[in-house]
Amino acid sequence: MAAQPPSPPTFSIMGIEAGLTVLAVAASFAWPRFAGKLFARLRRHFAALARKRSLALLVVGLATLLIRLAVLPVHPIPMPFAPDDFSNLLAADTFLHGRLANPTPAMWVHFETIHVDMLPTYASMYFPAQGLLMAAGKLLFGHPWFGILISGAFMCSAVTWMLQGWLPPAWAVLGGLLLMMRIALFSYWTSTYHTAGPICAIGGALVLGALPRFKRSPHARYLLAMAAGAVILAISRPYEGLLLCLPVLVALAHWLIRTRRLSMRTLLLRASPALVVLIAGLAWLGYYDYKAFGSPLTLPYTVNRATYAMATYYVWQDPRPEPHYRHAEMRRFYTVDELEDYNRNHSISGFFFMTTVKAVRAVYFFTGVALIPPLFLLPWALRDRRIRFLVISLCVLAVGMAIEIFLIPHYVAPFTAAFYAVGLQAMRHLYHCKPAGRAIAHSVVAICVLLALLRPFNRQLGCPIPEKPVSTWIVSWFGPDHFVTDRSFVERQLQQQPGPQLAIVRYAPDHDPLDEWVYNQADINASEIIWARAMDPASDAELIRYYPNRTVWLVQPDSIQNRLLPYPLAQQVTAVPLR
């Protein structure tokens, strides 16, 4: 009997946010001077902090770190649940073993799984930045999530630093705090293990923040910061990173030619440290590609997509021929789940519809409902010389995303700082529409603060997020809920058994391929629990003979009463060594 999916909640944090926003806008027109003295007093203290730029960066970063640690009792360390989570955790475990990739395991057809390569090496399909980050978290603090937590804090400081280069100090600090409340504390960027959103946002903030500073004062340290950001983007999300770096390079070249402030010799001297960092970073990525995929020019994703995928990434590409799939769940993921979005994009009406969906999905992630009112002043903000370059950069991003089939909000993470800079400029225009505009600006910030306080208590408020959220990557915030906990429960049961275990997973025909259970550590043979796919009896018998000293279990994720059973075939298989 298959488990029934839980019914969605009838009350949501998004509903609370929308209701508060509507009330706040209405109240701002009715009583525009309400609490005006209180907000004026808060503004003075806020401006005093913002003028101390270095201190402001430290306060924003530490506040993110300490608040998230403080709510751990009600919003605990997240558990992995998506295929992407386990793939990046594999990368982290591989790096902790001192390797860039692992040798292909002997029984690899039983271990095949989504977003993991088995040939030419056993490795994650993803770029290495997130895995390196989580490996550092595990090494230094005992758990990979702490690497993500710290990257979220650095993200808020880095974006604040970028905004200080483009906007007045107080607005820059406000942007860092809004980013903290909306994304760093509770969004899926820091409540899962797969997005690399914070590290990408850091890379983008370094590139964009260095540009205006170098124009004002052309020191080598700003080019060094720009190069460091470019390297981060190259090892995390290079396509979107390229969409960001190209306009920056054009703007930098235009400024150098127009102003002629630096001679060629001076420019080369000041750019030398940055070039060293850039070349070293790209060389390391090439070495990683060589060790993991067999060639320094074979990028992550390439092998996995060529092996398993039918859907391509860009709208002008035809789908690939269907490859040979050894497992029904993997076939369903690649030939049904992925191809749906691909097929929607291949008609004129479908292309425009999906482009609109992608735009709404990206904007809503950064704004939610509360920060939408300032966007009504966007036409005025877009005409401002101050942020003209950032608007052009976002237009480049829009074109780049329109021609790509898929879009999840972390894909555009390199442009996080640009999104917030443009939105804050719109809020500045709203703020100067006295008195109602100023009241609305105060109100939306207050709503963000209130919702950040309520977010850890969503269950107590009667609005839990569904166990398997359909719109996981569309909702603005995650709550403290754990998702797809059945695997973790069975894993704890297996850990209580004496000796090493072999868990052979058999799915029901209608199993959701995204609820994947077959994921393993970097060193499979040394693992306490090995997760394998059930195949035909002969193949399963071969697997059991290969691991003669393990207790063998049949795991049935879609069965409520018989989810974990001794594997019947194990009693019939003799432990004869394989030849």
Side-chain angles (χ1 to χ4, degrees), residues 127 129 154-155 157-167 172 175 196-262 264 266-268 270-282 285 362 366 381-382 384-401 404 411-425:
F127 281 84
F154 273 104
M155 172 183 70
S157 293
V159 170
T160 303
W161 179 78
M162 177 273 183
L163 294 172
Q164 287 175 340
W166 291 89
L167 298 175
I199 191 69
C200 292
I202 292 170
L206 290 175
V207 172
L208 289 174
L211 179 62
R213 287 173 168 85
F214 184 79
K215 288 182 176 181
R216 288 194 291 265
S217 181
H219 293 299
R221 62 179 178 270
Y222 298 130
L223 292 178
L224 190 61
M226 194 178 292
V231 168
I232 290 173
L233 295 174
I235 64 173
S236 55
R237 294 210 67 86
Y239 173 66
E240 294 80 3
L242 187 64
L243 294 178
L244 177 69
C245 290
L246 284 178
V248 170
L249 285 176
V250 171
L252 190 61
H254 177 264
W255 178 83
L256 288 169
I257 294 171
R258 182 174 59 85
T259 62
R260 299 181 180 179
R261 287 185 59 181
L262 300 176
M264 183 59 67
T266 302
L267 178 61
L268 289 175
R270 296 186 183 181
S272 295
L275 289 174
V276 169
V277 168
L278 193 60
I279 293 170
L282 294 177
L285 179 60
F366 290 105
L382 295 180
D384 290 344
R385 186 181 182 86
R386 179 190 291 270
I387 62 165
R388 186 172 299 165
F389 171 77
L390 298 178
V391 174
I392 294 172
S393 298
L394 291 177
C395 290
V396 174
L397 171 68
V399 173
M401 291 296 98
E404 194 172 21
Y411 290 8
V412 298
F415 288 80
T416 299
F419 277 118
Y420 273 86
V422 173
L424 286 165
Q425 187 68 1

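Computed from a predicted model, the values in this text were never measured in an experiment.
Under the 6.0 Å distance and 45° angle rule, Arg237 counts as a cation-pi partner of Tyr411.
Between the side chain of Thr416 and the backbone N or O of Ala413 there is at least one donor-acceptor pair closer than 3.5 Å. Under the 3.5 Å distance criterion, the side-chain polar atoms of Tyr420 are matched with a main-chain donor or acceptor of Phe366. Under the 3.5 Å distance criterion, the side-chain polar atoms of Trp255 are left unmatched by any main-chain donor or acceptor of Leu211.
Between the CZ atom of Arg388 and the CG atom of Leu390 there is a distance of 12.0 Å, given to the nearest 0.5 Å. Rounding to the nearest 0.5 angstrom, the gap separating the CD1 atom in Ile257 from the CG atom in Leu252 is 10.0 Å. Going from atom CG of Leu268 over to atom CZ of Arg270 covers 12.0 Å, rounded to the nearest 0.5 Å.
Of all the heavy atoms in Glu240 and Glu404, the pair that sits closest is OE2-OE1, 3.7 Å. When all heavy atoms of Arg261 and Pro218 are compared, the pair lying nearest together is NH2-CD, 3.4 Å. For the pair Trp166 and Leu208, the tightest heavy-atom approach, listed with the atom from each and the gap, is NE1-O, 3.0 Å. For the pair Ile232 and Ser236, the tightest heavy-atom approach, listed with the atom from each and the gap, is O-OG, 2.6 Å. The heavy-atom pair separating Ala381 from Val422 by the smallest distance is CB-O, 4.5 Å. Of all non-hydrogen atoms in Val207 and Met226, the two that sit nearest each other are CG2-O, 3.6 Å.
Put simply, the side chain of Leu282 does not reach to within 4.5 Å of the side chain of Val231, judged on heavy atoms. In this structure, the side chains of Leu267 and Leu256 come closer than 4.5 Å at one or more pairs of heavy atoms. Lys215 has its side chain out of reach of Thr259: every pair of non-hydrogen atoms, C-beta onward, lies at least 4.5 Å apart.
Annotation: Arg260, atom CZ; neighbour count of heavy atoms from other residues, nucleotides and ligands within 6.0 Å does not exceed 12. Enclosure of atom OH in Tyr222 by more than 12 non-hydrogen atoms of other residues, nucleotides or ligands within 6.0 angstrom is indicated.
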Legend entry - Intermediate values then yes/no, side chain to side chain contact (heavy atoms under 4.5 Å, CB included), Trp161 and Arg213: CA-CA 11 Å; Trp161 179 78; Arg213 287 173 168 85; 3.4 Å; yes

